[in-house]
Number of protein chains: 2
Amino acid sequence: MGQTGRIFMSGLDRSLIADLPAFAGMTGEALDLVLQGARSTRHAKNSDIFAEGGIADHFFLLLSGHVRVVRTTPEGEQMIARYINEGELFGIAIAMGLAVYPASAVAAVDCVVLTWPNSEWQKLQETVPGFGAAAYRTIGGRLQETQNRVMEMSTEQVEQRVAHALLRLVNQAGRKTENGVEIDFPISRQDIAEMTGTTLHTVSRLLSAWESEGVVASGRQKVTVTDPHRLMLIAERRAGR
Amino acid sequence: MGQTGRIFMSGLDRSLIADLPAFAGMTGEALDLVLQGARSTRHAKNSDIFAEGGIADHFFLLLSGHVRVVRTTPEGEQMIARYINEGELFGIAIAMGLAVYPASAVAAVDCVVLTWPNSEWQKLQETVPGFGAAAYRTIGGRLQETQNRVMEMSTEQVEQRVAHALLRLVNQAGRKTENGVEIDFPISRQDIAEMTGTTLHTVSRLLSAWESEGVVASGRQKVTVTDPHRLMLIAERRAGR
DNA sequence: ACTTGAATTTGCGCTCGCTCAAACTGGCGT
DNA sequence: ACGCCAGTTTGAGCGAGCGCAAATTCAAGT
């Protein structure tokens with residue numbers, strides 16, 4: 001499984017998960033029960049948390065950091081399916097009745113992850129009211145997002161798609177700085193290309209152009225949106241101009 | 001809701017649903033219970049079964065016919081999210097925690113549909129062992145399919161995408177004829193374009209070319225794949241040729 | 001400080017597939 | 001039987017964005 005992290009010996013604190021949507025409104029005892037079946041692992045930047053095609057025997061919750069979910073074609077081309085933010089469930093193949101992970105999960109930065117064996121799934125569903133519903137809402141939400149993406153790819157130009165992707169990134173993982181909102185984890189031109197179905201060259205050209213217009217400020221593996229409003233205008237303007 | 005069908009007065013027969021995966025292994029009594037909460041409606045070709053943005057107060061199962069699931073951009077461009085085949089659940093917004101339908105469902109041919117109010121969802125989950133799991137497997141499967149589609153759109157040329165789409169259609173809704181496998185419902189060049197993110201013109205050109213190579217035979221709203229093997233070769237050949 | 005390699009930038013030419021336009025076809029309704 | 005119209009075909013031109021290539025910059029390690 002490419003487990004690079006070391007295991008924390010128990011001592012998991014309720015407060016880690018108490019205010020996550022998946023465990024909303026639970027008593028302290030219930031939270032302890034949830035944590036009993038879990039273990040916490042660290043994963044170094046760029047290490048796999050699980051790999052596409054591997055037996056899906058665990059499910060996960062990201063406590064801190066950012067995770068990149070990646071799929072690879074038989075020909076070796078990659079695409080980034082999504083980024084996982086803190087507090088989100090991921091790798092929940094079991095909820096979809098899948099025996100193997102359909103994608104790989106890679107730590108975009110050093111991460112802390114809660115990990116349950118699949119055998120705990122049933123228990124969580126039974127003992128945590130609303131857990132199942134939250135999990136399925138997660139999946140439903142991702143289905144929607146993915147369909148939105150298909151739609152974008154069908155109807156929008158590359159420039160609009162990249163603008164939309166950046167806006168989504170700053171909304172989900174933005175950190176305010178003096179210059180604007182910065183994406184909270186290292187992200188390359190190549191990464192953005194793999195999110196939008198284009199090439200790193202085109203992304204680079206777009207970012208350069210936007211930089212000279214004062215819409216973004218970017219560097220190595222780093223993007224800051226300095227003028228979100230203008231970027232929205234770029235994202236929304238119709239193909240016919 | 002644009003309900004164009006008329007309602008069948010009870011008399012729903014167990015045999016309608018007995019061998020569907022969603023109701024596998026159920027007793028006769030349980031099946032009756034399931035049907036008790038449902039009603040059966042007919043929907044004329046091209047009529048809406050539900051509309052994008054409408055209150056999602058029911059969920060559905062297609063008994064016979066074919067349903068097109070369509071999303072529309074604010075600018076009025078359409079895309080076909082998927083086709084529903086006989087025996088499949090659809091419009092299960094409730095399973096994803098959605099209050100409104102994220103897409104429209106249109107009868108591609110005259111259809112017969114089982115319809116439940118959302119209030120029955122809970123009951124079905126409790127009384128039908130495996131029903132919930134089947135529903136979530138359905139959603140999980142669709143998430144996968146949709147991600148596959150994103151991947152195709154990112155990495156494949158139009159020709160390969162259209163070929164893949166046709167192969168999927170004949171696999172899921174193919175009917176053997178003397179000349180090959182025919183797609184079982186009326187489908188236009190425009191429809192295929194909306195499934196693959198291209199234009200009807202390009203689809204028309206591709207089908208014409210394939211027709212002259214003897215790979216497909218097509219007419220008005222009708223496509224027959226005469227040489228599936230060759231079409232697979234077209235679908236799989238890499239961009240670099 | 002120096003080395004090394006990954007990430008980025010930028011230029012150039014070309015091609016795939018889109019847009020626009022026009023003609024054609026076949027099925028359906030009256 | 002006829003007309004109509006949605007669906008289809010085909011042509012011509014062009015432009016967005018890709019492939020290829022080369023130069024440059026920056027960060028991390030020794």
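Numbered from 1 within each chain, the chains take letters A, B, ... in sequence-line order. All figures in this text were calculated on a predicted structure; none of them were measured in a lab. Only heavy atoms go into these numbers, but all of them, side chains included; no hydrogens, no water, no symmetry mates.
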Inset, instruction - Please list, by residue number, the residues of residues 199-207 of chain B whose heavy atoms come closer than 4.0 Å to an atom of DNA chain C; answer none if no residue qualifies. - result: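 Residues of residues 199-207 of chain B that come under 4.0 Å of DNA chain C are, in numerical order, Thr199(B), His201(B), Thr202(B), Arg205(B).
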Legend entry - Shortest non-hydrogen separation from Leu114(A) to Leu63(A) and the atoms involved: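 That closest heavy-atom pairing would be CG-CD1, 3.6 Å.
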Inset, instruction - Grab the two heavy atoms, one from Glu52(B) and one from Val70(B), that are nearest each other, plus how far apart they are. - result: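 Taking every non-hydrogen atom into account, OE1-O, 3.8 Å.
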Legend entry - Straight-line distance of Ser104(A) OG to Gln78(A) CD, nearest 0.5 Å: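 The OG atom of Ser104(A) sits 8.0 Å away from the CD atom of Gln78(A).
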Legend entry - For Arg82(B), salt bridge (Lys or Arg N to Asp or Glu O under 4.0 Å) partners two or more places apart: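 Glu88(B), Glu145(B).
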Inset, instruction - Please identify each residue that fulfils salt bridge (Lys or Arg N to Asp or Glu O under 4.0 Å) with Arg175(B), with sequence neighbours left out. - result: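 Scan of Arg175(B) (salt bridge (Lys or Arg N to Asp or Glu O under 4.0 Å), adjacent residues dropped) gives Glu182(B), Asp184(B).
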Can you tabulate the close N/O pairs, meaning under 3.5 Å, that link protein atoms to atoms of nucleotides 23-30 of chain C?
| from | atom 1 | to | atom 2 | distance (Å) |
| --- | --- | --- | --- | --- |
| dT25(C) | O2 | Arg220(B) | NH2 | 2.5 |

[atom1] of [X] versus [atom2] of [N]: gap in Å, rounded?
| X | N | atom1 | atom2 | value |
| --- | --- | --- | --- | --- |
| Asp191(A) | dA7(C) | CG | P | 9 Å |
| Glu194(A) | dA7(C) | CD | P | 11 Å |
| Ile192(A) | dA7(C) | CD1 | C1' | 12 Å |
| Met153(B) | dC18(C) | CE | C1' | 14 Å |
| Asn46(A) | dA6(C) | CG | P | 13 Å |

Inset, instruction - Output yes when Glu194(A) and Arg71(A) qualify as a salt bridge under the 4.0 Å nitrogen-oxygen rule, no when they do not. - result: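 No salt bridge links Glu194(A) with Arg71(A).
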Inset, instruction - Using the side chain to side chain contact (heavy atoms under 4.5 Å, CB included) rule, take Thr73(A) and Met151(B) through it: C-alpha gap first, then chi angles, then the decisive distance, then the call. - result: CA-CA 8 Å; Thr73(A) 63; Met151(B) 196 131 196; 3.3 Å; yes
Inset, instruction - Check whether any side-chain N or O of Asp48(B) sits under 3.5 Å from a backbone N or O of Ala51(B) as a donor-acceptor pair, and report yes or no. - result: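 Such a contact is absent between Asp48(B) side chain and Ala51(B) backbone.
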Legend entry - Flag for Asn179(B)-Thr177(B): side-chain donor and acceptor within less than 3.5 Å: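 On atom types as modelled, these side chains do not qualify, holding no pair under 3.5 Å.
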Legend entry - Opening and closing nucleotides of DNA chain D in contact with chain A, under 4.0 Å to non-hydrogen atoms: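 Endpoints of the contacted stretch of DNA chain D: dA16(D) to dA27(D).
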Legend entry - Arg42(A) and Asp110(A), any side-chain heavy atoms less than 4.5 Å apart: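 The answer is no, as the side chains (C-beta and beyond) never meet within the 4.5 Å cut-off.
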Inset, instruction - For dA6(C), take OP1 and OP2 only and decide whether either is under 4.0 Å from a side-chain N or O of Ser188(A). - result: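 No, Ser188(A) has no side-chain N/O under 4.0 Å of OP1/OP2 on dA6(C).
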Legend entry - Set of ring-ring contact (aromatic ring centres under 6.0 Å, His included) partners for Phe90(A), sequence neighbours left out: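 Result, ring-ring contact (aromatic ring centres under 6.0 Å, His included) vs Phe90(A): Phe60(A).
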